[in-house]
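A quick write-up on the structure given underneath.
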Amino acid sequence: MAKSNKPIVWSLFAGGGMLSAFVTPVLIFITGLAVPLGLMSLDSLSYDRMLVLAQNPIAKIVLFAVIFLPLWHAAHRLLTTLHDLGLPKGRIAMTLCYGAAALGSIAAAVVLLRI
Amino acid sequence: MTEPTLQVEILRYRPETDQDPAFQTYTVPYRDDWVVLDALNHIKDNIDRTLSYRWSCHMAVCGSCGMMINGEPKLSCHAFLRDYYPNKIRVEPLNNFPIERDLVTVTDDFMEKLESVKPYVIPKQERAVDEGPHLQTPAQLNTFKQYTMCINCLLCYAACPQYGLTPDFVGPAALALAHRYNLDTRDAGREQRQEIAASNEGVWDCTFVGECSQVCPKSVDPAAAIQQTKIASTIDWYKALLNPWGKR
Amino acid sequence: MSRKPYLRKMPKSWWLAQRRYTSYMAREMSCVFIGAYSVLIVLGLYRLSQGRAEYGAFLDALQSPPSLVFHAAALVFALIHTVSWFSLAPKAMPLQIGEKKLSGGPVVLAHYAVWVVVSAGVLLVARI
């Protein structure tokens, strides 16, 4: 049997799964619920504060990791889930899922570098 | 006083006459120390001699009486009527395997996969008899002992949706046994087994549903074995990438 | 006698057939929200890069009812992901001291402990 290259995507899946298990709930809570509902001050996400954060080189790397890894985690899991739901395994589904993750990662990198 | 009874609905398939399998209901006496296998034996001995099913030991050792009982893969010698009484019990052949006849399934696919992972000790060098036994400490034994408990009952294959969706998937029991020998200190055959275990049809078809471990009557935990194999195979892959000239 | 093995087809709705399969599917579906949230962060950063007014519009959009509903659902699924991820972690890391195999409990607890610390840390930084 052919040697598998699955370890590339699987390691991204596992790394992204681990990272998002730890940080995604609290991030969703802050940005999507606590601040918009006024449980936390709007200053937390203010323009000046976020700009300083996004211009810091170390924060750029952290932000990129927090976007990139969960994105690949999600893409890989979506691919297997589509198969679970009855879609045949094939190049089309694979290209769409991994392609979307690649595009998202590039967009994240470009945006972060330009801030 | 009338004896309490219980209805058992069995999926029948007689290849010489039936186009499709169909359920047939039997009424059996209810005893609180009976298991589903006892009910089947009662039917075979007293009601319908044509009913076919596999069994041997009646004590969860031989692994031949696995069936779907109310939709869950179970050993029929391990499923007590009292856990279902007074409700009807539905008995079907194991999911994901072709039906040979009634509750008997075709298991050739698993047998081939089991053989393909070389589930036996492959020593680095053959040991002569006068060299004595190959010693192993209890601590070394315990790293893999749980995986030796597999009785090839195939409940894990019946529980695994990935095997149902992708019949080429090597599957839980075979991969757990590959892992068992890889962990054995007397063994040097991991590289040979990885040909199968680390292929696309090996551990990579698993999505960690975890049902294999849930239904295992021997607590083998194939899901853990597969997960550990994924991690080890991923480390191998990156090692090979960083050191393309090193030995594979 | 000739053989005629019968293969039953697996129904497409197999994941509804049993409760444990359904919770597996809920766990897998968390990826839709986790992926969408990553895209949302990229969008937020893009609006940030455009300027104060554009970023302000993004913050306003976060307060809209559809956004709140999405984030509430996303939080539920993110928590399903976290809990299921932690509960499966011991399978990947078997622990043995000497002859004794350790149970997975401490590994799971350690994950929760780290999670609490990380979440508290992020909350603290966000408030400062």
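Just so we're on the same page: letters track the sequence lines, and every chain starts at 1.
The environment of C:R127 atom CZ is sparse: at most 12 non-hydrogen atoms of other residues, nucleotides or ligands sit within 6.0 angstrom. Counting heavy-atom neighbours within 6.0 Å of C:E54 CD, excluding the residue itself, gives a total above 12.
With a 4.5 Å cut-off on side-chain heavy atoms, B:N152 and B:L114 count as touching. Residues B:R101 and B:E16 are in side-chain contact: their nearest non-hydrogen atoms beyond the backbone lie under 4.5 Å apart. No side-chain heavy atom of B:C216 sits less than 4.5 Å from a side-chain heavy atom of B:L155. Using a 4.5 Å cut-off on side-chain heavy atoms (C-beta onward), B:Y13 and B:E92 make no contact. Contact of the B:P93 side chain with the C:R8 side chain is registered, since non-hydrogen atoms from C-beta on lie closer than 4.5 Å.
Partners of B:W237 by side chain to side chain donor-acceptor pair (under 3.5 Å), not counting sequence neighbours, listed by chain and number: A:N5.
Contacts between B:D20 and chain C at a heavy-atom distance below 4.5 Å involve backbone atoms as well as side-chain atoms. Contacts between B:F208 and chain C at a heavy-atom distance below 4.5 Å involve backbone atoms as well as side-chain atoms. Residue C:Y6 touches chain B through both its backbone and its side chain, counting heavy-atom pairs closer than 4.5 Å. There is no contact between B:T105 and chain C, counting heavy-atom distances below 4.5 Å. B:L165 touches chain C through backbone and side chain together, each having a heavy atom under 4.5 Å away. Heavy-atom distances place both the backbone and the side chain of B:T207 under 4.5 Å from chain C.
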Could you walk me through whether B:R193 and B:D187 pass salt bridge (charged side-chain N to carboxylate O under 4.0 Å, His left out), step by step?
-> CA-CA 11 Å; B:R193 287 183 206 104; B:D187 182 83; 2.7 Å; yes

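Contacts with chain C were tallied for B:P138, B:P161, B:P15; B:P161 has the most, counting heavy-atom pairs under 4.5 Å. Heavy-atom pairs under 4.5 Å with chain C were tallied for B:V209, B:V104, B:L141; the largest tally goes to B:V209. By number of non-hydrogen pairs under 4.5 angstrom with chain C, the leading residue of B:V106, B:I226, B:T229, B:T143 is B:T143.
Seen from the ring of B:F80, B:R82 counts as a face-on cation partner, given the 6.0 Å and 45° thresholds.
Inspection of non-hydrogen atoms places C:L88, C:K91, C:A92, C:P94, C:Q96, C:G98, C:E99, C:K101 of residues 82-104 of chain C under 4.5 Å from chain B.
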